[in-house]
Amino acid sequence: MKKLCLGIESTAHTFSVGILDFDGEVYSLINDIFMPEEGGLHPALVREQHLNNFMKIVNRALSVAKISVKNINLIAFSQSPGLGPVLKIGAWVARMLSQVLVIPIVGVNHCIAHIEIGRLKCSIEDPLTLYVSGGNTIVSAFESERYQIFGETLDLPIGNMIDSFARDAGLQHPGGPKIEKLALESKKYIPLPYLVKGMDLSFSGLYTSAKKLLVSTDFNKKYNLNDTAYSLQETAFAMLTEVTERALAHTEKKEVLLTGGVAANKRLQQMVEYISKEHNARFEVVPLKYAGDNGVMIGWTGILRYKAEGGHEIAETIIKPKERMDQITVPWRSEN
Ligand code: ATP
Ligand code: FE2
């Protein structure tokens, strides 16, 4: 039997367990996603849900994979970055399993995992990556032993910004897919603040202005919600595309990878594909099952690190809620 890894994702609203072998073949992936009834993510409520459910998720992943927990050879977990109280649960479950089973444990940076699963699933070697989700907006590529950050948000992450706007418009979480649908019904662009500072992005001015449109006396007279959704998307995605294109020109990478939950958006895919073609770069979107938060990406990145330098000591498995991906070396990759 091939060696198996059980990967645990627990940085925010998703508690997920993936089981895969050391060659990257996936045996199971089970997600449990916290859905707020109203407002944003309350770490205490997310933690409660994850604490109540983790064993069910682990057991379901084992039963779908048709294996016993005794067949697992490695435990990987998301160690950084994320919400402290939520990260702690994944770390605690991972430490427990590793100690009970007497098998190695590896802590993984969640953002790096988003890139590594893309490299695996899209058979892509050395991409410039645009990682866009509820909690992150990062343009990154491998250089000088690390995944360097070429551009990022200075305030609101893109997914969070769209979700907040959707909530203001009375739509339920997650707002991203609903805004995408509404935007398809419009071609009327309302000018909104476009803020790119150097290589970084700021979405708070855009958000505030879009929110004001919803309560203006012109709303449902001169323009409607579809037009607002369209204008919000066009502005935000043009900003993302501009920064991605400049990073592509600078790094001269020949592949572009789009990942994170917002990668599901067809309009964003279209815009990033366009600039990739302009630069003769191959464009790939991570399959949606693996683009959002998932335990398989954590497992795969754990396998890569384990193969390169073995497991972590238990003392090294403390959570690091603020750790950036460019603070970590990537020993399994070499310079091209
Ligand atoms: P991370 O922890 O990496 O920040 P996350 O917790 O936000 O991730 P993901 O599953 O990666 O989880 O992303 C969820 C986000 O993706 C939400 O903000 C959601 O609105 C957004 N999203 C999903 N589908 C679409 C879409 N079609 N268009 C725009 N946004 C989308
Ligand atoms: Fe994520």
Side-chain angles (χ1 to χ4, degrees), residues 7-16 18 29 31-36 39-43 46 49-50 77-84 86-87 90 108-118 129-138 140 147 152-153 156-169 171-184 203 207 229-230 232-237 240-241 257-272 285-298 300-301 319 321-325:
I8 300 170
E9 158 59 25
S10 170
T11 57
H13 49 42
T14 305
F15 189 91
S16 170
L29 172 59
N31 298 331
D32 181 52
I33 303 176
F34 175 85
M35 288 283 178
L41 279 191
H42 295 289
V46 187
Q49 174 158 330
H50 292 353
F77 73 101
S78 49
Q79 186 172 16
S80 65
L83 304 170
V86 184
L87 279 168
V108 166
N109 176 280
H110 174 98
C111 305
I112 291 179
H114 272 292
I115 299 180
E116 288 305 341
I117 198 64
T129 303
L130 174 59
Y131 161 35
V132 275
S133 64
N136 289 283
T137 312
I138 296 178
S140 162
Y147 283 114
E152 62 193 316
T153 181
L156 294 175
I158 178 73
N160 182 312
M161 190 276 284
I162 298 177
D163 290 343
S164 301
F165 171 78
R167 202 181 306 131
D168 298 333
L171 304 167
Q172 272 208 323
H173 188 86
K178 292 163 194 121
I179 295 295
E180 174 174 27
K181 218 163 153 204
L182 296 177
L184 286 173
F203 290 116
Y207 169 63
Y230 171 74
L232 180 82
Q233 273 201 179
E234 289 300 301
T235 312
F237 294 170
L240 290 169
T241 308
L257 185 66
L258 182 59
T259 192
V262 185
N265 191 291
K266 292 276 186 302
R267 178 62 181 142
L268 179 62
Q269 291 178 12
Q270 195 182 37
M271 287 165 91
V272 179
V285 184
V286 176
L288 295 184
K289 187 174 173 188
Y290 301 112
D293 292 351
N294 68 89
V296 166
M297 70 179 190
I298 302 298
W300 178 239
T301 311
I319 58 158
K322 298 268 177 237
E323 184 177 68
R324 288 164 61 87
M325 71 201 296

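No hydrogens, no waters, no symmetry mates; every other heavy atom, side chains included, goes into these values. Counting starts at 1 for both ligands and their atoms, following the listed order.
Checking only distances, Gly134 does come within under 3.5 Å of ligand 1, N or O to N or O. Considering both main-chain and side-chain atoms, Asn160 never comes within under 3.5 Å of ligand 1 through any nitrogen or oxygen pair. The shortest N or O to N or O distance between Gly135 and ligand 1 is below 3.5 Å. Between Gly261 and ligand 1, at least one pair of N/O atoms sits closer than 3.5 Å. Between Ile162 and ligand 1, not a single N/O pair is under 3.5 Å apart.
Closest heavy-atom contact between Tyr207 and Phe165: CE1-N, 3.5 Å. In plain terms, the two heavy atoms of Gly159 and Val262 that are nearest each other are CA-CG2, 3.8 Å. Nearest heavy-atom pair across Pro174 and Asp163 is C-OD1, 3.9 Å. Here the closest heavy-atom approach between residue Thr137 and residue Leu156 is recorded as OG1-O, 4.5 Å. Here the shortest heavy-atom pairing between Gly90 and Phe77 reads O-CB, 4.1 Å. Across Gly84 and Pro321, no two heavy atoms sit closer than the pair CA-CG, 4.1 Å.
For ligand 1, the atoms sitting less than 4.0 Å from at least one non-hydrogen atom of His13 are 5 (P), 6 (O), 12 (O), numbered in the order shown with element in parentheses. Listed by atom number, the atoms of ligand 1 under 4.0 Å from Gly159 heavy atoms are 18 (O). Annotation for ligand 1: atoms under 4.0 Å from non-hydrogen atoms of Asn136 are 1 (P), 3 (O), 4 (O). The contact set between ligand 1 and His114, taken as ligand atoms under 4.0 Å from a residue heavy atom, comprises 3 (O).
Of the listed residues (Tyr147, Tyr131, Tyr290), just one forms a ring pair (Phe, Tyr, Trp, His ring centres under 6.0 Å) with His114, and that residue is Tyr131. Results of the side-chain contact (heavy atoms from CB on, under 4.5 Å) test with Ser10 over Val86, Ile298, Ile319 single out Val86 as the only residue that passes.
Residues passing the salt bridge (charged side-chain N to carboxylate O under 4.0 Å, His left out) test with Glu9: none are found, sequence neighbours excluded.
Within the 4.0 Å heavy-atom criterion, neither part of Lys266 lies near ligand 1.
The protein non-hydrogen atom at the shortest distance from atom 21 (C) of ligand 1 is Val262 CG2, 3.8 Å. Of the protein's non-hydrogen atoms, Asn265 ND2, 3.0 Å is the one closest to atom 28 (N) of ligand 1. The nearest heavy-atom contact from the protein to atom 2 (O) of ligand 1 is Asp293 OD2, 3.0 Å. Scanning all protein heavy atoms for the shortest distance to atom 1 (P) of ligand 1 gives Ser133 OG, 3.2 Å. Protein heavy atom in closest approach to atom 17 (C) of ligand 1: Asp163 OD2, 3.3 Å. Closest to atom 27 (N) of ligand 1 among all protein heavy atoms lies Glu180 OE1, 2.8 Å. Shortest contact from atom 30 (N) of ligand 1 to any protein heavy atom: Gly176 CA, 3.4 Å. Scanning the protein heavy atoms around atom 3 (O) of ligand 1, the nearest turns out to be Tyr131 OH, 2.4 Å.
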Legend entry - Test log, rule side-chain hydrogen bond (donor to acceptor under 3.5 Å, both in side chains), inputs Asp293 and His13: CA-CA 9 Å; Asp293 292 351; His13 49 42; 5.0 Å; no
Inset, instruction - Just do the side-chain contact (heavy atoms from CB on, under 4.5 Å) check on Met297 and Ile115 with the steps written out, would you? - result: CA-CA 9 Å; Met297 70 179 190; Ile115 299 180; over 6 Å; no
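Protein atoms that are N, O or S and lie under 2.8 Å from the Fe ion (ligand 2) are these: His110 NE2, His114 NE2, Asp293 OD1.
Interatomic distance, OG1 of Thr301 versus CD of Gln79, reported as 12.5 Å (0.5 Å rounding). Taking CE of Met325 as the start and OG of Ser80 as the end, the distance is 10.0 Å to the nearest 0.5 Å.
Using bins of under 30°, 30° to 60° and over 60° for the plane-to-plane angle, the ring pair His50/Phe15 lands in the tilted bin.
Residue Gln233 places every heavy atom at 4.0 Å or more from ligand 1.
Other residues, nucleotides and ligands place more than 12 heavy atoms under 6.0 Å from the CD atom of Gln270.
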